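Heads up, the thing below is written out as structure tokens.
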Amino acid sequence: MPLVPLPELLNHARANGYALGYFESWDSYSFEAVLAAAQAEQAPVIVGFGATMLADPWLDHRGIPFLGAMGRALVADCATPVAFLLNETHTLEQAQRGIDCGFTAVMIDSHRWPVAQAQEAVAALVRTAHPAGVAVEAEFGSLPDYIGESIVDAHAYMTDPAQARDFVQATDVDCLAVAVGNVHLLTSGTATIDLARLQAISDAVDVPLAIHGGTGFPPEDVAAAIAAGVAKFNVGTRLKKVFLEAVLANTGTWTGRESVHDLVGSHKESDFLEAGKSAVVSVVRDLIRLYGGQGRASSIGASNE
Ligand code: 13P
């Protein structure tokens, strides 16, 4: 199996001057698209599912075991190294369940919680995750969201380097997501990044840094961000957007006479969802190259898991 611990992938990226993409999936088509893109680029990749947009009753019932089992089945014969992340759960319990359900990295969406509460929950998660060989990411600082065509930043705050260092020391997390001007869900224009703050955080903490809000991150700042310690970019919104656009473009050709079985879920060329998948493959390949991950797979040792 090609699973490689997330810290190993992130440290390899940092040591070699590139970053990994975490390309967030929502179903088997998007997940297979990310794997296909990584294999086409011979790149290591972080695959996984985000909990933020998912309903708690579904997640708390069979959602997490279902996503874990599906992801593990799909990565089994992937030819490039992967880490498998359950991203941004609403609760500590959901992230802990992810550990038992096959994810190799977990994260709680605690950036809006009071710092003491977040620190306690993340430290508790680390205490369960590390003995199981699972990595933990946490966010310190809080990103604004882009909602309804405006940036909503009432609760957002930038990451303070000294506080970030204390948070990392107190929790023992493997990767720290930071707020340096990046915006979640930004589909119009790009964010303004405080690269000096990013460097100061990187100087203060000794774990790889992650940037959430990859959709609106300015491409021209990627190299500088990597040089300042970023080893992971999270991309979500852009993938769903291109998927939906491609599916809609294809459903427009439906006359009502074709077999619905060919068009929906057949995995044949006629499947509308395959058009969405192809669009995601193309964007993920572009982003892997932007982050410098192409051709890196062969220099990473895969585990025998
Ligand atoms: P975007 O949807 O803005 O790309 O952000 C994704 C993300 O940060 C997931 O954690």
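Bear in mind that the values here come from a model prediction, so they are computed numbers and not experimental data. Counting convention: from 1, in listed order, for ligands and their atoms alike.
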Short N-O contact, Arg97 and Asp100, less than 4.0 angstrom: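 The answer is no: the pair does not qualify as a salt bridge.
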One thing to verify: whether Lys268 and Glu274 come together as a salt bridge, which I'm taking to mean a side-chain N less than 4.0 angstrom from a carboxylate O.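 Judged by the 4.0 Å cut-off on N to carboxylate O distance, Glu274 and Lys268 do not form a salt bridge.
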Whether His267 and Tyr29 hold their rings parallel, tilted or perpendicular, with breakpoints at 30° and 60°: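 Taking Tyr29 first and then His267, their aromatic rings lie parallel (interplane angle under 30°).
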Of all the atoms in ligand 1, which lie at a distance below 4.0 Å from a heavy atom belonging to His212?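 What qualifies from ligand 1 is 8 (O), 10 (O).
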Just which atoms of ligand 1 are under 4.0 Å from any heavy atom in Leu185?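 What qualifies from ligand 1 is 1 (P), 2 (O), 3 (O).
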Quick one: do Gln96 and Thr128 satisfy side-chain hydrogen bond (donor to acceptor under 3.5 Å, both in side chains)? Show the steps, please. CA-CA 7 Å; Gln96 282 173 327; Thr128 319; 3.2 Å; yes
Side chain, backbone, both or neither: which part of Thr52 comes within less than 4.0 Å of ligand 1 when only heavy atoms are counted?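 For Thr52, no heavy atom sits under 4.0 Å from ligand 1.
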Backbone, side chain, both or neither: what part of Arg238 comes under 4.0 angstrom of ligand 1, heavy atoms only?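 Arg238 to ligand 1: no contact under 4.0 Å from either part.
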Please state which protein non-hydrogen atom is closest to atom 2 (O) of ligand 1 and give its distance, to 0.1 Å?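 Here the nearest protein heavy atom works out to Thr237 OG1, 2.5 Å.
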Identify, for atom 6 (C) of ligand 1, the protein heavy atom at the shortest distance, and state residue, atom and that distance.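 Going by distance alone, atom 6 (C) of ligand 1 is nearest to Gly236 N, 3.5 Å.
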So, 4.0 Å and heavy atoms of Gly214: is ligand 1 close enough to count as a contact?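 It does, in that a heavy atom of Gly214 comes within the 4.0 Å cut-off of ligand 1.
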I'd like to know whether ligand 1 has Gly213 as a neighbour, heavy-atom separation below 4.0 Å.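 Distance cut 4.0 Å: Gly213 passes for ligand 1.
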Worked check of side-chain hydrogen bond (donor to acceptor under 3.5 Å, both in side chains) between His12 and Tyr18: CA-CA 9 Å; His12 185 271; Tyr18 70 98; 2.7 Å; yes
What pair of heavy atoms forms the shortest contact from Leu9 to Pro44, and how long is it?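 Smallest interatomic distance, heavy atoms only, reads CD2-CB, 4.1 Å.
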Looking at CZ of Arg112 and OH of Tyr157, how far apart are the two atoms once the value is rounded to the nearest 0.5 Å?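 Those atoms lie 9.5 Å apart.
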Check this for me - ligand 1, Thr215, N or O atoms closer than 3.5 angstrom, yes or no?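 Yes - when backbone and side-chain N and O of Thr215 are compared with those of ligand 1, one distance drops under 3.5 Å.
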